[in-house]
Asker: 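Pasting a structure below so you can have a look.
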2 protein chains.
Amino acid sequence: MAKLDFSPIADTTRRAEIVALLRRAILTGQLEPGQKLNELRISEQMRVSRAPLREAMRELVQEGILTSIPYAGTFVIEVTAKDIIDAYSLNQVLDEFAIERTWPLRDQRFFDELDRRHEAVKQATRAKDTTRQIETALQLHGLIYEWADNSVLLETWQRLTSRLQMYFALHQRARNEPVPAEDVHETYVALLKGKDMRAAQRHAREHIDLDFEELLAYARSLEKRI
Amino acid sequence: MAKLDFSPIADTTRRAEIVALLRRAILTGQLEPGQKLNELRISEQMRVSRAPLREAMRELVQEGILTSIPYAGTFVIEVTAKDIIDAYSLNQVLDEFAIERTWPLRDQRFFDELDRRHEAVKQATRAKDTTRQIETALQLHGLIYEWADNSVLLETWQRLTSRLQMYFALHQRARNEPVPAEDVHETYVALLKGKDMRAAQRHAREHIDLDFEELLAYARSLEKRI
DNA sequence: ACTTGTTAGATTGTCGACAATCTGATTGTC
DNA sequence: GACAATCAGATTGTCGACAATCTAACAAGT
């Protein structure tokens, strides 16, 4: 018997595809915060009935990027400065925990995957594909969560990621400057390969703080516009 | 204008009621882990069509207490020893964070609410209502999360709570011993009222460890039975 | 005996139509 | 003109029926 591992086959329900489509539209900012999702219109555009669409929307509500008011509608969540602060402060705590758990489990496969994802970020940066840059950066960041061998932690991170990605996308969309060309993840990757866990944890915290300042400033500007 | 705060009116959709019913059935162990939820049967029992039932089930899947396999069915999640370990280790980290954030925000209203919830636990204990005891104990524990003024943290805790409650319920159901009569939360409440934050954090960690040992032993026994 | 094809039954996924509810415009009243 | 009552249109919530898919039992071939 050959020892070939087959991966699970793709979800073949319309619902799953709708979830993916909607999530992408929200996280890239094509659907703006506060915007209402008209079921009839969307179902017609997707050539799908409202049943699977509604089920998909329930999933995204639980995922935290949509919000639903009975008989009124389902909306993309609004982004407040406080939301961003809250998400980031929790993210710091989780990062520390994830690094602690991943640390003893690092092996060659981990380092290889780390390099692979790092490379993906650099490529997206060179291509000036901001959406993909955000996506790959979060995937790079997510490796410590995938490696930490804690399914509940991973789920929590993935929920948080949805929001972070949305915040970043909004931020990128708002400022029309080009994306920073230098590689801010170089140190992060080096530290994860090194021997000083505390240093890695500290850097994760500081590095996040850096991006955070800029993002927060944007969030504040949003607040004032209302 | 009177400064009366009205609480949001109750959800009036069937879906919301179904979610509440199903969640309760799962968390109290009436629906056992691994059990399949037959849509037609349940919808007939509830005198409801399958549409709102299915939407409710999608929510609970995202909430993490159901799992769905396309064209096969939706099942109550299985509980493994590792799941419990994972949930608890994350809970420890979150507890520390929640206490840290809540600490400077404690006021008279906090202390009053703390006492109120503590009293509810004691009452459920006296009445030997194990289900309610678990529920109230988790509510007591959840106060630091509600008070921490971090919506993302609160959501995360609520998701985690669902599972913890399910684990505890399973545990309680398995052992037929009476529930401990002495009050294990006395010290916890006292420390939250005190001046030493570190001590409170330490106790939260240790206290949880205590219950955890017992719960874990049960989880291991589950593993072996398979 | 073991695999492979076939088929019937049950269950999930999807659809189109109807009922309940909300919104905002209109009318009528003071 | 301001305000309440009413109504029409649009949108969400729910239903019952049909289509797609899975499972398990059985038959047939090797």
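FYI, side chains are in, hydrogens and waters are out, and symmetry mates aren't considered; it's all heavy atoms of this structure. Lettering of chains follows the sequences in order, A, B, ..., and the numbering in each one begins at 1.
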Asker: For the pair made of CD in A:Glu39 and C1' in C:dC15, what is the distance, rounded to whole Å?
Answerer: 15 Å
Asker: In plain terms, say whether A:Arg41 and A:Glu44 are close enough for a salt bridge, that is, a side-chain N and a carboxylate O under 4.0 Å apart.
Answerer: no
Asker: Rounded to the nearest 0.5 Å, how far does CD of B:Glu63 lie from CD of A:Glu59?
Answerer: 13.0 Å
Asker: Look at all strands and tell whether A:Arg54 reaches a base, only sugar-phosphate, or nothing, counting heavy atoms closer than 4.0 Å.
Answerer: base
Asker: Measure CD/B:Glu44 against P/C:dA10 and give the value in whole Å, please.
Answerer: 13 Å
Asker: Can you list the residues that meet the ring-ring contact (aromatic ring centres under 6.0 Å, His included) rule with B:Tyr145, with sequence neighbours excluded?
Answerer: B:Trp157
Asker: Using atom CG of B:Leu40 as one end and atom C1' of C:dA10 as the other, report the distance to the nearest whole Å.
Answerer: 10 Å
Asker: Could you state the atom-to-atom distance from CE of A:Met57 to P of D:dT12 in whole Å?
Answerer: 7 Å
Asker: What's the CD1-P distance between B:Ile42 and C:dT11, to the nearest Å?
Answerer: 12 Å
Asker: Report the nucleotide, chosen from C:dT14, D:dT14, D:dG13, that has the shortest atom-to-atom distance to any side-chain atom of A:Arg15.
Answerer: C:dT14
Asker: Describe the nucleic acid contact of A:Leu37 in one word from base, sugar-phosphate, nothing, applying a heavy-atom distance below 4.0 Å.
Answerer: sugar-phosphate
Asker: For the pair made of CG in B:Leu53 and C1' in C:dG13, what is the distance, rounded to whole Å?
Answerer: 13 Å
Asker: Given atom CD1 of A:Ile18 and atom P of C:dG13, what is their separation to the nearest angstrom?
Answerer: 13 Å
Asker: Anything under 3.5 Å between a protein N or O and an N or O of nucleotides 16-19 of chain C, put it in a table, one pair a line.
Answerer:
none

Asker: By a strict heavy-atom criterion of less than 4.0 Å, which residues belonging to residues 58-68 of chain B are in contact with DNA chain C?
Answerer: B:Arg58
Asker: Measure the angle between the two terminal helix axes of the helix from C:dA1-D:dT30 to C:dC30-D:dG1, five base pairs each, and quote it to 10°.
Answerer: 0°
Asker: Working to the nearest 0.5 Å, report the span between CD of B:Gln158 and CG of B:Leu164.
Answerer: 12.5 Å
Asker: Working to the nearest 0.5 Å, report the span between CG of A:Leu37 and CG of A:Leu31.
Answerer: 5.5 Å
Asker: Counting only side-chain nitrogens and oxygens, does A:Arg14 get under 4.0 Å of the OP1 or OP2 atom of C:dC15?
Answerer: yes
Asker: Quick check for you: among C:dT12, C:dT14, D:dG13, whose closest atom lies nearest to any side-chain atom of A:Tyr71?
Answerer: D:dG13
Asker: Is the B:His141 to B:Tyr188 ring centre distance short of 6.0 Å?
Answerer: yes
Asker: Within the side chain of B:Asp95, is there an N or O that forms a donor-acceptor pair under 3.5 Å with the backbone of B:Ala204?
Answerer: no
Asker: Can you list everything that forms a side-chain contact (heavy atoms from CB on, under 4.5 Å) with A:Thr102? Sequence neighbours excluded, please.
Answerer: A:Arg106, A:Phe110, A:Ile144, A:Trp147, A:Ala148
Asker: Do NZ/NE/NH1/NH2 and the carboxylate oxygens of A:Arg117 and A:Glu113 come within less than 4.0 Å?
Answerer: yes
Asker: Checking A:Asp129 side chain against A:Ala124 main chain: does a donor-acceptor pair fall under 3.5 Å?
Answerer: no
Asker: Check side-chain contact (heavy atoms from CB on, under 4.5 Å) between A:Lys36 and all other residues, then give those that pass, not counting sequence neighbours.
Answerer: A:Phe75
Asker: Does a side chain donor of either A:Gln108 or A:Asp112 reach within less than 3.5 Å of an acceptor in the other side chain?
Answerer: yes
Asker: Between C1' on C:dC22 and CZ on A:Phe75, what's the gap in Å once rounded to a whole number?
Answerer: 11 Å
